[in-house]
**Q** 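The structure that follows is given in the form of structure tokens.
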Amino acid sequence: MSAENFKLTGESKFGVIALGVGVAGVAASVAGLFIDHKTFYFAYLVAFMFWMAIALGGLFFTLIHHLVGAEWSIVIRRIPETLASAIPMMAILFIPIVLGMHDLYEWSHEEAVAHDELLKHKSAWLNPMWFTIRAYIYFGIWTFIAWTLYKASLDQDGGKDVTEKMRSVSAPSMIVFALSITAAAFDWLMSLDPHWFSTIFGVYFFAGSWWTTLACVVLLSMYLRGKSKLGEVMTIEHYHDLGKLMFGFTVFWTYIAFSQFMLIWYGNIPEETIWYKHRWEHGWQYVSMFLFIGHFVLPFLVLIFRASKRSFTVMKIVASWFLLMEFVDLYWLIMPTFTIVNPDAHHGLHFSWQHLTTFVGIGGLFLWFVWNRLTSASIVPVGDPRIEASIHLKNA
Amino acid sequence: MSENMNEIKSQSAEELKKKADATGAKALEILIEEEAEGVVAEFPNSGALLEAAEKIRNAGYKRFEVYSPFPIHGMDDAMGLKQSPLGFIVFAAGSIGCIGALLLQWWTSAVDYPVVYSGKPLFALPAFIPITFELTVILCGFTAVVGMFALNRMPRFYHPMFYSENFSKKAGDDGFFAAIFVWDEKFNVREVKQFFQNIGGKNIEIIHRPLEAELAQQN
């Protein structure tokens with residue numbers, strides 16, 4: 001098996017289109033920034049977190065793959081690895097959030113902190129300087145892990161024996177990853193409502209992130225099958241396994257989401273319940289219901305059947321649905337806090353065209369980056385000593 | 001042992017001797033062939049076993065089994081096994097657990113002994129979810145394990161394979177075996193032996209009770 005065999009063969013304008021759409025999206029987003037900067041930053045945060053979730057999920061996929069010595073996922077490993085390799089670009093795309101901190105986070109308002117005991121208390125952690133430094137510490141950690149593993153994987157294509165190295169890098173990295181993704185979710189999402197806290201929040205973000213990455217891997221690999229020889233080695237058995245994980249983590253996400261909800265509902269302490277109260281009025285209750293049905297009930301009922309997981313068509317539809325639901329999830333996490341920093345705004349859904357422009361802007365650049373990396377190397381990690389076993393995977 | 005003795009009474013020593021004289025073969029061999037419960041063959045590795053399973057299925061045998069120290073991916077397909085009904089049984093059990101748990105909590109908390117706890121409604125669904133979840137999961141879990149055993153007809157105290165010394169020694173260690181049993185419609189000792197030879201089986205053995213001892217006793 002040689003790496004050349006698994007380079008892209010079919011003509012594809014994917015990269016060019018992604019870049020074009022990305023640049024157009026960014027241009028429109030910049031226009032949005034000048035028209036309505038308050039909406040812009042919130043829309044930007046939703047879109048940023050969406051693509052960040054996919055990149056982080058890719059990193060987790062790679063880590064857990066090496067850590068458990070997985071065999072089945074070797075043929076698809078290059079895809080999550082590549083998704084994670086886009087993290088440094090996300091670090092650049094984080095700059096607008098640093099610049100727009102004042103429009104997003106109440107704790108960045110000095111006058112608000114001065115009159116608020118709780119925020120004063122939290123200001124040792126939640127202050128603009130330390131927030132920015134922390135963010136780039138996270139990006140540094142993730143970039144380091146992602147690129148160490150990505151480069152090792154490319155070395156492996158060239159015949160280097162790095163299996164042990166990748167595993168020993170993954171073990172400590174997993175611990176660091178768990179801590180950093182939790183802290184990042186606290187910083188970037190939970191602190192939007194700085195009076196509110198939930199210790200499970202980081203896990204909640206992680207659950208959605210990994211869930212979405214699985215869907216993203218399904219969709220990307222389906223596209224790549226037509227453009228390369230990936231189709232020869234990635235069979236329905238691999239989709240079946242991805243489907244099982246998607247099903248499992250549908251339940252996992254719900255378990256975490258409900259754990260968060262139930263304790264707050266049961267404790268019934270106003271400072272905690274207010275978070276759900278915000279999401280159960282002014283039209284948000286429909287989004288909440290939609291989230292429950294779309295993020296849990298429907299995927300659960302569809303993916304529970306073996307036949308669904310073994311159908312390309314069903315998997316394609318379900319995976320696309322996952323991406324939509326992750327967007328809804330992040331929208332539901334972020335947008336109700338709009339009125340915290342904009343007390344005069346209405347409390348409704350705040351859906352703006354800027355959600356679209358920022359989404360395709362970041363997404364276009366993200367996918368362009370990923371596509372460039374995918375086309376520069378083999379689509380399949382052909383150097384892995386256990387690749388044959390992965391190709392001949394069979395589900396019992 | 002005495003019961004087994006009764007079973008082969010029809011084959012008295014004299015009769016056997018007569019048969020043996022007539023065919024020129026040993027009495028024991030005839031007895032073994034007549035009392036065979038199956039034929040077992042050993043294969044060198046999991047790949048060979050997988051191929052063998054496919055050949056056995058293609059030859060039209062239905063009541064056969066393969067044994068390996070670890071699960072072999074793709075064996076179900078090779079053997080032509082249908083999808084197990086276990087998933088549906090577990091789903092039914094899970095549904096019963098789910099509905100049962102809700103009914104139990106509704107009856108105890110809202111109907112039979114209604115007490116208001118910390119201002120919550122009597123039928124406080126969020127608070128009931130953990131129990132509902134747990135009961136669903138535990139019924140699923142138990143049903144999966146018990147159902148798996150039942151569908152495999154386990155546990156059992158007797159299986160003809162135990163008579164093969166070679167099998168007993170190696171099946172749990174490094175042996176890969178395939179066996180075709182007497183309850184297969186197509187079963188014929190000599191044909192099966194020949195068949196196993198053709199597909200590359202080693203240490204081919206007819207599975208039978210310890211007839212040597214029985215014969216010796218009779219004589």
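The structure displayed is predicted, hence computed values, not measured ones.
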**Q** Using a 6.0 Å cut-off, check whether atom OH of B:Y113 has over 12 heavy atoms from anything other than its own residue.
**A** no
**Q** Going from OH on A:Y266 to OH on B:Y117, what distance comes out if it is rounded to the nearest 0.5 angstrom?
**A** 8.0 Å
**Q** What ring-ring contact (aromatic ring centres under 6.0 Å, His included) pairs are there with at least one residue in residues 38-64 of chain B, not counting sequence neighbours?
**A**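 Sorted result for residues 38-64 of chain B: B:Y61-B:F195.
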**Q** To check you understand the geometry: which heavy-atom pair defines the closest contact between B:P130 and A:M262, and what is its length?
**A**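 Taking B:P130 first and A:M262 second, the nearest heavy atoms are CG-SD, 3.4 Å.
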**Q** Between CZ of B:F133 and CZ of A:F258, what distance do you get to the nearest 0.5 Å?
**A** 10.5 Å
**Q** Are more than 12 heavy atoms, taken from residues, nucleotides or ligands other than A:R386, located less than 6.0 Å from that residue's CZ atom?
**A** yes
**Q** Does NZ in B:K186 sit with more than 12 non-hydrogen atoms of other residues, nucleotides or ligands closer than 6.0 Å?
**A**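 More than 12 within 6.0 Å, yes.
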**Q** With chain A as the partner, which of B:S84, B:A127, B:P71 has the greatest number of non-hydrogen pairs under 4.5 Å?
**A** B:A127
